[in-house]
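Single-structure report; data block below.
Numbering of ligands and ligand atoms starts at 1, following listing order. Atom set for the values below is all heavy atoms of this structure, side chains included, hydrogens, waters and symmetry mates excluded. Owing to the predicted nature of the structure, the values given are computational and were not obtained by experimental measurement.
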Amino acid sequence: MPKIVFSGIQPTGSLHIGNYFGALKNWLEFQKQGDLCYFCVVDLHAITIDYDPKQFQDKILDTIATYIACGINPEKSIIFIQSKIKEHSELAWLLNSITPVSELERMTQYKDKKIQHAKNINAGLLDYPVLMAADVLLYNTNTIPVGYDQKQHVELARTIANKFNAKFGQTFTIPEHFIPEVGAKIMSLLEPTKKMSKSHNPKSYISLSDSKQDIEKKIMSAVTDSDNKIFFDPEKKPAISNLLSIYHLATGWTLQQIQDKYKDSTSYAQFKKDLANELVKLLKPIQDKKQELLKDKTKLLEILQASTNKAQEQAKKTMEKVKQKMGLI
Ligand code: AMP
Ligand code: TRP
């Protein structure tokens with residue numbers, strides 16, 4: 001039985017290899033399997049932190065182009081912009097009425113963002129996971145492929161769905177997360193015990209749009225330990241283990257094969273040089289395709305029209321059912 005798959009990424013700037021290996025790369029597998037996939041650009045989530053409205057349209061288009069350049073095919077998968085379908089906001093409001101504030105206040109991402117964005121702790125920041133629950137519940141989603149940091153939000157979406165079903169009668173499918181075994185948490189190149197994040201120093205992440213020179217510079221200056229031995233041990237060697245995971249994900253080689261290749265190395269230099277090359281090889285075709293797509297922005301938006309119509313139809317159906325169950329006219 002094909003599954004219904006839903007995932008999204010915020011258009012907050014160029015995506016990094018954490019987003020690629022943690023999320024996008026796995027989306028491709030579901031698309032390949034013939035599942036019914038919804039891949040959304042979650043612009044309404046992105047406005048919960050400070051942003052520049054003048055640049056926002058370009059960031060949204062950039063994210064759409066990145067999805068397609070990475071292999072998401074608009075003829076097979078449904079690609080759309082969240083704010084184009086008003087049912088996302090509408091369902092979020094209804095779900096608000098059954099979501100305890102205390103559940104929202106204990107979300108790790110909210111606690112982190114409260115510190116990071118201390119001057120802009122808006123209600124949307126707290127309500128963020130309810131909108132995310134609305135995203136997935138509108139489409140009867142079975143599977144949500146995300147990185148590890150979103151696990152808690154998916155659990156909350158399940159809690160909200162169960163609560164709604166218990167209170168108003170069976171309505172929502174209870175979704176499950178899909179978190180990859182390797183790649184669910186790609187670490188910062190500068191602080192290997194923290195996750196790679198767009199909001200940190202650009203030297204700490206490889207953006208999907210980084211040039212060959214940038215990739216080489218960033219990998220060569222990635223923090224490592226000083227024993228010059230290349231083996232996988234996230235506890236004792238978090239930095240090298242992170243680079244090994246990235247190497248594995250970029251090439252498809254097993255960790256053992258990579259460790260064997262460098263077993264006689266007396267420094268990390270060759271390993272890092274090869275890893276940078278592999279990343280350039282992986283990202284160059286994606287960058288070229290994305291540039292091509294961004295040449296004609298009108299056409300890029302037109303490509304989404306059929307997808308948006310399909311999503312709209314399903315969202316409307318779910319909302320009618322939800323309103324009826326809740327006793328609205
Ligand atoms: P965001 O950029 O927060 O919208 O994240 C988009 C997707 O990338 C989500 O599924 C995240 O879980 C995933 N993701 C973000 N950062 C990382 C990371 N460092 N490692 C693995 N996955 C990540
Ligand atoms: N909250 C997710 C993130 O920060 C993005 C997101 C919004 C999402 N809605 C979603 C992911 C629905 C999966 C499903 O990465």
Side-chain angles (χ1 to χ4, degrees), residues 4-27 30 37-49 51 59-60 62-63 66-67 70 78 80-83 85 88-89 91-92 95 104 107-110 112-113 116 124-158 160-161 175-200 204-208 238 242 245-246 249 311 315:
I4 300 176
V5 175
F6 188 105
S7 197
I9 297 182
Q10 301 179 70
T12 44
S14 194
L15 306 189
H16 56 64
I17 56 170
N19 301 127
Y20 181 74
F21 293 129
L24 258 163
K25 186 166 184 261
N26 307 303
W27 299 2
F30 290 103
C37 298
Y38 293 87
F39 298 125
C40 186
V41 175
V42 290
D43 51 349
L44 298 174
H45 278 100
I47 60 171
T48 57
I49 56 170
Y51 75 103
K59 288 193 173 174
I60 294 168
D62 191 276
T63 309
T66 305
Y67 283 9
C70 287
I78 296 174
F80 69 104
I81 302 170
Q82 186 187 32
S83 65
I85 296 186
H88 289 250
S89 312
L91 181 58
L95 297 178
L104 298 174
M107 292 291 113
T108 310
Q109 183 174 299
Y110 172 64
D112 289 347
K113 285 194 173 169
Q116 230 177 328
L125 206 56
L126 178 68
D127 205 31
Y128 181 110
V130 182
L131 179 59
M132 180 164 159
D135 294 342
V136 298
L137 298 179
L138 274 176
Y139 302 98
N140 302 320
T141 302
N142 305 111
T143 305
I144 310 173
V146 281
Y148 184 79
D149 61 346
Q150 294 303 311
K151 187 165 178 254
Q152 200 183 27
H153 288 163
V154 173
E155 276 160 15
L156 183 58
R158 289 164 60 86
I160 294 173
E176 281 178 8
H177 63 243
F178 170 89
I179 293 179
E181 254 168 63
V182 188
K185 198 170 181 186
I186 299 293
M187 300 306 205
S188 155
L189 299 177
L190 297 182
E191 291 173 279
T193 53
K194 292 196 179 138
K195 77 163 185 176
M196 184 175 280
S197 166
K198 264 177 271 187
S199 53
H200 295 158
S204 71
Y205 61 82
I206 306 280
S207 154
L208 298 190
N242 187 39
S245 298
I246 296 172
L249 289 160

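Listed by atom number, the atoms of ligand 1 under 4.0 Å from Val146 heavy atoms are 10 (O). Applying the 4.0 Å criterion to heavy atoms of Gln150 picks out, from ligand 1, the atoms 12 (O). The ligand atoms of ligand 1 that sit less than 4.0 angstrom from a heavy atom of Ala23 are 7 (C), 8 (O), 10 (O). Per-residue contacts place Gly22 under 4.0 angstrom from the following atoms of ligand 1 (heavy atoms of the residue considered): 21 (C), 22 (N). Counting atoms of ligand 1 from 1 in the listed order, those under 4.0 Å from a heavy atom of Ile186 are 18 (C), 19 (N), 20 (N), 21 (C). Within ligand 1, the atoms closer than 4.0 Å to a non-hydrogen atom of Lys198 are 2 (O), numbered from 1 in the order shown. Against a heavy-atom cut-off of under 4.0 Å, Ile9 is close to the following atoms of ligand 1: 4 (O), 6 (C).
Distance alone, capped at 3.5 Å, places no donor-acceptor pair between the Asn142 side chain and the Val5 backbone. Using a distance-only test at 3.5 Å, with no hydrogens or angles considered, a donor-acceptor pair links the side chain of Gln82 to the main chain of Asp43. Looking at Tyr67, its side chain does come within 3.5 Å of a backbone N or O of Cys40 through a donor-acceptor pair. Formation of a donor-acceptor pair under 3.5 Å by the His177 side chain with backbone atoms of Ile179 is not found in this model. Remark: side-chain polar atoms of Thr63 are paired, donor with acceptor, to backbone N or O of Lys59 under 3.5 angstrom. Side chain of Tyr38 to backbone of Thr141: no donor-acceptor contact under 3.5 angstrom is found. Here the side chain of Asn242 pairs a donor or acceptor atom with the backbone of Met187 at under 3.5 angstrom.
In terms of protein heavy atoms, atom 5 (C) of ligand 2 is closest to Gly8 O, 3.5 Å. Counting protein heavy atoms only, atom 6 (C) of ligand 1 is closest to Asn19 ND2, 3.4 Å. For atom 10 (C) of ligand 2, the closest non-hydrogen atom of the protein is Met132 CG, 3.5 Å. The shortest contact between atom 9 (N) of ligand 2 and any protein heavy atom is with Asp135 OD2, 2.7 Å. Summary of contacts: the protein heavy atom closest to atom 12 (O) of ligand 1 is Asp149 OD1, 2.4 Å. Distance from atom 23 (C) of ligand 1 to its nearest protein heavy atom, with residue and atom name: Gly18 O, 3.5 Å. Nearest to atom 3 (O) of ligand 1 among the protein's heavy atoms is Gln10 NE2, 3.6 Å. Residue, atom and distance of the protein heavy atom nearest to atom 2 (C) of ligand 2 are Gln150 OE1, 3.3 Å. Among protein heavy atoms, the minimum distance from atom 16 (N) of ligand 1 is reached at His16 CE1, 3.6 Å. Remark: minimum distance from atom 4 (O) of ligand 2 to any protein heavy atom is reached at Tyr128 OH, 2.6 Å. The protein heavy atom nearest to atom 10 (O) of ligand 1 is Gly147 N, 3.1 Å.
Side-chain atoms of Gln10 and Tyr51 form no donor-acceptor pair, as typed in the model, at a separation below 3.5 Å. With 3.5 Å as the limit, one finds no donor-acceptor pair spanning the side chains of Asp149 and Gln109.
Residue contacts with ligand 2, taken as heavy atom pairs separated by less than 4.0 Å, involve Val136 solely via side-chain atoms from C-beta onward. Only backbone heavy atoms of Ala184 (N, CA, C or O) come within less than 4.0 Å of ligand 1; its side chain stays farther off. Counting heavy atoms closer than 4.0 Å to ligand 2, residue Val146 contributes side-chain atoms (C-beta onward) but none from N, CA, C or O. Under 4.0 angstrom from ligand 2, there are no non-hydrogen atoms of Gln82.
Between His153 and ligand 2, no N or O atom pair is found at a separation short of 3.5 Å.
Distances from ligand 1 to the non-hydrogen atoms of Gly183 include at least one value under 4.0 Å.
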